[in-house]
Colleague: 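Just dropping this structure here.
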Amino acid sequence: MSGTGRREDEVRRMLEGPRPQVPAELAARAAERGGRLLRRRRVLHRLGLLALVAGVAAFTVWAVVAEPWQTPPAGTTPPLEGWWAG
């Protein structure tokens with residue numbers, strides 16, 4: 001018999017045997033835990049969205065105030081030779 005057939009037989013024997021007792025409150029505990037996990041996930045999702053919106057708002061305010069697309073002013077002025085007759 002191949003290894004696969006032997007495994008199938010073992011699984012069949014396990015399923016035909018006595019089943020373990022399940023605690024009566026197991027479903028209620030599982031539902032409660034699932035609810036907690038779902039609430040935690042919603043809160044984290046909302047906090048992430050809030051952080052994203054705050055970041056976009058801060059970047060927008062910075063860009064409007066700093067105007068990074070403008071060239072910075074020159075550090076020195078060009079010579080004024082020949083501009084006036086003096």
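The model shown is predicted, which means the values in this text are computed figures rather than measured ones.
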Colleague: Can you tell me which residue pairs pass the salt bridge (Lys or Arg N to Asp or Glu O under 4.0 Å) test with a partner in residues 20-41, sequence neighbours excluded?
Modeller: E25-R29, E32-R36
Colleague: Looking at every heavy atom in both P68 and A63, which two are closest together, and how far apart are they?
Modeller: CD-O, 3.6 Å
Colleague: In Å, rounded to the nearest 0.5 Å, how long is the span from CG of L15 to CD of E10?
Modeller: 11.0 Å
Colleague: Between R12 and D9, is the closest basic N to carboxylate O distance under 4.0 Å?
Modeller: yes
